[in-house]
Number of protein chains: 2
Amino acid sequence: MDKIDKKIIGLLQENARYSLKQLAEKVFLSSPAVAARIERLEKENIITGYHASINPIKLGYHITAFINLEMSPTKKDTFYPFVQQCPNVIECNCVTGSYSMLIKVCFPSTMELDSFIGHLQKFGTTKTQIVFSTSVPHRGISITAEDVEAGVSNL
Amino acid sequence: MDKIDKKIIGLLQENARYSLKQLAEKVFLSSPAVAARIERLEKENIITGYHASINPIKLGYHITAFINLEMSPTKKDTFYPFVQQCPNVIECNCVTGSYSMLIKVCFPSTMELDSFIGHLQKFGTTKTQIVFSTSVPHRGISITAEDVEAGVSNL
DNA sequence: GATGAAACAGCCGAGCT
DNA sequence: AGCTCGGCTGTTTCATC
């Protein structure tokens, strides 16, 4: 895991559809060398996937919200399969604090969100925050050369 | 925006590095036809990008947390550039409720997180939730044929 | 990790439905 | 208008060094 690996990762975070040749030019290596590095990064589970980002609003999903759910741990066995299969769940984390699950969801309107929260009552009590605007859209952790040298962020 | 477009979007969400030919086979179209559709979806800002997902832990970022920040709106002008340039900020949303900003961050350890929260005090009061585990990793809104027909999620 | 050849995929134009 | 088919170009992959 050297500087070139990090550069490749950075480039693939920027645009996962760069061709091997394009990547090779940018890191001053040959295409086969880049291909081998990417294969290794995938095998080591450093790169876990390549995903298209889509605009939920253009698909009619106008409401994004974060739901904090206070749930007794005994309910996990039914809760986890539920959130995993629910297409409106964008992300779900188990977090510290009394509101133990933090769930990010997307819905066409507040009506469907309301209905979803209703279903969540089965699992525990909820506290919902609807997003107004997004100043930083979801992105990967940045791994530029500066960060590497500094070890931590440039606070 | 028909069923085939949605299928293509779904496939690119699953793996953004599928070749045009692979996509073409899966949707029973020719590669040029798929290329034209993708170009259109990008131009219409339905597809906003293609990004590699990486495992933060493998890069030494062991702590992920959500920070709720209660901030007076007058501080936005300095806060927005700050979070946008900070590489540890994975996502930042303006949300309803008294804790107006919800910030997702990644740090090597709790030490750096603590230091970051210290800096945030300039902007307002914070409430932090550290992530223990992730039951649903960040994913795009799913747009399968079933969803399209149902209009909403299969609750 | 580089190079060169062969296989493969992508691109552009013409013709079709 | 949008799709397919053909050929040319560019890209990936494999063998060799």
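In what follows, chains carry the letters A, B, and so on, assigned in the order in which the sequence lines appear, proteins first and then strands, with residues in each chain numbered from 1.
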* Should B:Lys104 and A:Glu91 count as an ion pair when the cut-off is N to O under 4.0 Å? -> yes
* Asked: Can B:Arg37 and B:Asp2 be counted as an ion pair, charged N to O under 4.0 angstrom?
  ->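 Looking at B:Arg37 and B:Asp2, the cut-off is met.
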Looking only at side-chain atoms of [X], point me to the closest of [options].
X       : options                : value
A:Ser19 : C:dA9, C:dA2, D:dT12   : D:dT12
A:Lys21 : C:dG10, D:dT13, D:dT11 : D:dT11
A:Ser30 : C:dA2, C:dA9, D:dT11   : C:dA2
A:Ala33 : D:dT13, D:dT4, C:dG1   : C:dG1

* **B:Glu39 CD: over 12 foreign heavy atoms closer than 6.0 Å** => no
Expressed as a whole number of angstroms, how long is the span from [X]:[atom1] to [N]:[atom2]?
X       : N      : atom1 : atom2 : value
B:Leu23 : C:dA9  : CG    : C1'   : 12 Å
B:Phe28 : D:dC3  : CZ    : P     : 16 Å
A:Gln22 : D:dG10 : CD    : P     : 13 Å
B:Glu39 : D:dA1  : CD    : C1'   : 16 Å
B:Asp2  : D:dA1  : CG    : C1'   : 14 Å
A:Tyr18 : D:dG10 : OH    : P     : 20 Å
B:Leu20 : D:dT4  : CG    : P     : 13 Å
A:Leu29 : D:dT13 : CG    : C1'   : 16 Å

* Residue-phosphate contact under 4.0 Å: A:Arg37 side-chain N/O, C:dG1 OP1/OP2 ->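 Yes.
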* Mind running side chain to side chain donor-acceptor pair (under 3.5 Å) on A:Thr126 and A:Thr128 for me, showing each step along the way? => CA-CA 6 Å; A:Thr126 58; A:Thr128 302; 4.6 Å; no
* Relative to the 5' end of DNA chain C, which residue comes earlier, A:Val34 or A:Arg17, by the nucleotide with the nearest heavy atom? ->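 Nearer the 5' end of the strand: A:Val34.
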* Rounded distance [0.5 Å steps], CD1 in A:Ile38 versus CG in A:Leu20 -> 5.5 Å
